[in-house]
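First the proteins, then the strands, lettered A, B, ... as listed; each starts at 1.
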Amino acid sequence: MNILQLSIRSLKARPAATTVSLLLLTLGVAIISLLFMLNQQLEEKFQKNISGIDMVVGAKGSPLQLILSAVFQIDYPTGNIKLEEARGLQRNRYIERAIPLAYGDSYQGYRLVGTDSSYLSLYEAELAGGRRWAAPYEVVLGSKVAEATGLEVGDSFFSAHGMVAGAAAHDTHPYTVVGVLERSNAVPDGLILTSVESIWAIHAHEEGGEADSAAKEERELTAMLIKFRSPMGMVMLPRQINERTNMQAAIPAMEINRLFSLLGIGIELLQAIAFSIILIAGLSFFLSLYSSLRERKYELALMRSMGASRTKIVGLVVLEGILLSLAGYILGLLLGHGGLALLSSLSEGAYGYGFDFVGLTQDELLLGLAVLVIGLMAAFVPAIKAMRTPISETLAQS
Amino acid sequence: MIEARQLQYTYAGGGQVLQFPDISCGSREKLLITGPSGSGKTTLLHLLAGLRLPQKGEVKVKGESLTNMSSAARDRFRGQQIGIVFQQMHFVHSLNVLENIMLPQYTAGLRQDAGRAESLLEQLGLLAKKNKNIRHLSQGEQQRVAIARALVNKPALLLADEPTSSLDDADSQRVIRLLEEMATREEAALLVVTHDQRLKDVFSQQIAL
């Protein structure tokens, strides 16, 4: 027998009250830790995916939509831009690199993106097997796509028109898989990459396959990912494009910051709610401990009469607060991290974005400290009350 | 073993001043303190155990003055040297029978020895119930557990407060004999306070309040 066992026994002796406090605490900690991780990982993911992209050019519309669709491949495109206009930009002296993107088709919900090999170098994506696409209708699969569809090098498939799985298929010409990418934990993982020409060809085919020259005039891109040669580009180009062309220029860093400042309000609100839950857990524990003293004061007086000092009695009650805090904190972290795993598998299915598992963040350690303080505070008043219980009077009572 | 001189106690709310006769009980001796209800028997017992401090007078156990000790030292001394069987039997209900008997070993800071607790339970015929919850024991069994608990630390002094008040004649004799027998076996001085007239002849040494 020791003070730890006594505290645990005492917590177990009022199972209902202890469970309620523990559940509330667990829930609060889980929500906050989940929010911490989501916030941090979303920001990391977003930052990782926009590195190397200073500006995105696409059709006019919502700049955020353009960024989400062209960079992250999670929103619908704003429309198409004329190839000629886009080519003009590529020759601009402020621009170091312009990666063309043509998208709008998909296979089993995974987007088919026409681009060139500079897209792979942007994300430092390496081939796990096979080779890069060369001829039209050759594709390279992102690692998640290969995993989910089971397609391998040498297999072929028909793409669907649009972004939704099960949409009308382009059944005129199949694509052939010539390569599979290694996992990069970035956008390409969830994409099927091919040449821009493939996308043009399949749509030209679809529209009746008339003369190439006529089709050439109509050739379009969906967006271009731009890297500037110098900071001057950032100053000059976006405004120039937005004012003088039919295209739109959007700055990923700015849009992502805007998105996060919007999300931030929601996250802060959720954190406040979760923290209130933790406080309520503390309050409920305080009440359960305080009311249990009515019954337990006999036990505590008895222990004093058998040699336990006041300090030991205080320690016993305070330890209950510490134990509950620790248990709630640990369970909450488990639930939070487990929740992230679940959320990750859901969002990976829906958006092709997953979350990684990380160890304890610094925020979570601070949260642990806060929970401990709340547990101690909840136990403090009952402990003082227990300490002041007069032994003789209490033991003489029935 | 225990000596009390010129003890005087007044309750916090004022009222009557209790004055107690001097008490002396040597080791292995047995002393009965009798008195009617309201004569301050329980208060006297608590004074002797150092659970309460007198306004005047002094209590010495094994030559050490309880009144001069710090609160923590007194608690510890009591835990190691004085076993008490209270009139109201309180237990720690989250612990089983054996654990309740071992509890004083922990609270007094002594080595925890399940064998010692079990041998006491065996002498009291309760070994089979060592893993039971206290609530599942009869009144008589609970009293025997309380006696075992009071003796587990081999105290120099065993105090009992009205141990027979709720018992019939046969049980009352049985309990007082048990206390006597256990005190003798454990070599503890036994001091019983009671208003129970049935006990007036059990011990040769008596003090009436």
Side-chain angles (χ1 to χ4, degrees), chain A residues 1-19 288-289 291-321 323-324 382-384 386-398, chain B residues 9 11-12 40-43 45-47 49-53 70-96 98-110 112 114 117 133-134 146 149-150 152-153 155 159 161-162 166:
Chain A
M1 187 122 9
N2 56 45
I3 193 165
L4 185 67
Q5 284 168 305
L6 281 171
S7 291
I8 293 174
R9 290 297 186 86
S10 159
L11 281 169
K12 278 186 180 167
R14 36 199 167 90
T18 302
T19 308
S288 107
L289 207 53
S291 63
S292 79
L293 280 182
R294 199 170 314 175
E295 195 184 328
R296 283 179 69 207
K297 67 177 180 183
Y298 301 112
E299 299 184 356
L300 297 176
L302 183 73
M303 286 193 225
R304 290 277 318 274
S305 82
M306 300 187 308
S309 61
R310 282 203 166 98
T311 344
K312 227 170 199 171
I313 299 295
V314 168
L316 192 64
V317 177
V318 166
L319 190 59
E320 284 186 37
L323 284 175
L324 190 88
I384 295 297
M387 187 185 90
R388 292 199 175 149
T389 304
I391 336 176
S392 172
E393 283 85 339
T394 307
L395 288 170
Q397 281 168 20
S398 45
Chain B
Y9 189 83
Y11 291 106
K41 293 186 302 294
T42 295
T43 304
L45 187 103
H46 287 187
L47 287 172
L51 292 170
R52 239 178 236 268
L53 290 180
S70 74
S71 155
R74 191 164 49 243
D75 285 338
R76 176 171 275 261
F77 182 83
R78 176 175 54 246
Q80 296 181 352
Q81 301 296 346
I82 306 175
I84 311 167
V85 180
F86 293 101
Q87 182 176 9
Q88 300 296 333
M89 280 179 293
H90 297 297
F91 297 96
V92 176
H93 288 283
S94 54
L95 303 179
N96 67 25
L98 184 68
E99 289 164 337
N100 262 287
I101 292 173
M102 288 174 68
L103 187 60
Q105 297 176 333
Y106 166 68
T107 52
L110 298 173
Q112 293 180 41
N133 187 313
I134 294 284
R149 183 178 64 193
V152 73
N153 286 344
L159 299 175
D161 189 4
E162 300 279 12
S166 57

Visitor: Can you say whether Thr43(B) sits under 4.5 Å from chain A via the side chain, the backbone, both, or neither, judging by heavy atoms?
Guide: neither
Visitor: Judged by atom type as modelled, is there a donor-acceptor pair below 3.5 Å linking the side chain of Gln80(B) to the main-chain atoms of Ala108(B)?
Guide: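 Side chain of Gln80(B) to backbone of Ala108(B), a donor-acceptor pair under 3.5 Å: yes, one is there.
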Visitor: In terms of heavy-atom proximity below 4.5 Å to chain A, should Leu110(B) be classed as side chain, backbone, both, or neither?
Guide: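 When you check distances to chain A, no heavy atom of Leu110(B) falls under 4.5 Å.
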Visitor: Is a side-chain donor or acceptor of Glu299(A) paired with a backbone partner of His93(B) at a separation under 3.5 angstrom?
Guide: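 Side chain of Glu299(A) to backbone of His93(B), a donor-acceptor pair under 3.5 Å: yes, one is there.
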Visitor: Can you say whether Lys12(A) sits under 4.5 Å from chain B via the side chain, the backbone, both, or neither, judging by heavy atoms?
Guide: neither
Visitor: Do Arg304(A) side-chain atoms and Leu51(B) backbone N/O form a donor-acceptor pair below 3.5 Å?
Guide: no
Visitor: Ser10(A): which residues meet the side-chain contact (heavy atoms from CB on, under 4.5 Å) condition with it, sequence neighbours left out?
Guide: Arg14(A), Arg296(A), Glu320(A)
Visitor: Side chain, backbone, both or neither: which part of Glu393(A) has an atom under 4.5 Å from a heavy atom of chain B?
Guide: both
Visitor: I'd like to know if the side chain of Gln5(A) and the backbone of Asn2(A) have a donor-acceptor N/O pair within less than 3.5 Å.
Guide: yes
Visitor: Has Ser392(A) got a side-chain atom pairing as donor or acceptor with Arg52(B)'s backbone, closer than 3.5 angstrom?
Guide: no
Visitor: Below 4.5 Å from any heavy atom of chain A, which atoms of Phe86(B) appear? Answer side chain, backbone, both or neither.
Guide: side chain
Visitor: Tell me, out of Pro155(B), Gly109(B), Gly79(B), Ala73(B), who's got the most heavy-atom pairs with chain A below 4.5 Å.
Guide: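 Max contact count across the listed options: Gly79(B).
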Visitor: Examine distances only and state if a side-chain atom of Asn100(B) and a backbone atom of Val92(B) form a donor-acceptor pair shorter than 3.5 Å.
Guide: yes
Visitor: Using heavy-atom distances under 4.5 Å, tell me whether Gln87(B) contacts chain A through its side chain, its backbone, both, or neither.
Guide: neither
Visitor: Counting heavy-atom pairs closer than 4.5 Å to chain B, which one of Ser309(A), Ala13(A), Ala308(A) comes out on top?
Guide: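 So the answer, after comparing Ser309(A), Ala13(A), Ala308(A), is Ala308(A).
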Visitor: Please look at Phe91(B) and chain A and tell me whether the side chain, the backbone, both or neither of the residue comes under 4.5 angstrom of a heavy atom of that chain.
Guide: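 Contact with chain A: backbone only.
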Visitor: Under the ring pair (Phe, Tyr, Trp, His ring centres under 6.0 Å) test, which residues partner Tyr9(B), sequence neighbours left out?
Guide: Tyr11(B)
Visitor: Given a strict heavy-atom distance threshold of 4.5 Å, which part of Ile3(A) is in contact with chain B: side chain, backbone, both, or neither?
Guide: both
Visitor: What part of Arg74(B) gets within 4.5 angstrom of chain A, counting heavy atoms only: side chain, backbone, both, or neither?
Guide: neither
Visitor: Count the heavy-atom pairs under 4.5 Å between each of Met89(B), Gln81(B), Gln105(B), Arg78(B) and chain A, then report the option with the highest count.
Guide: Arg78(B)
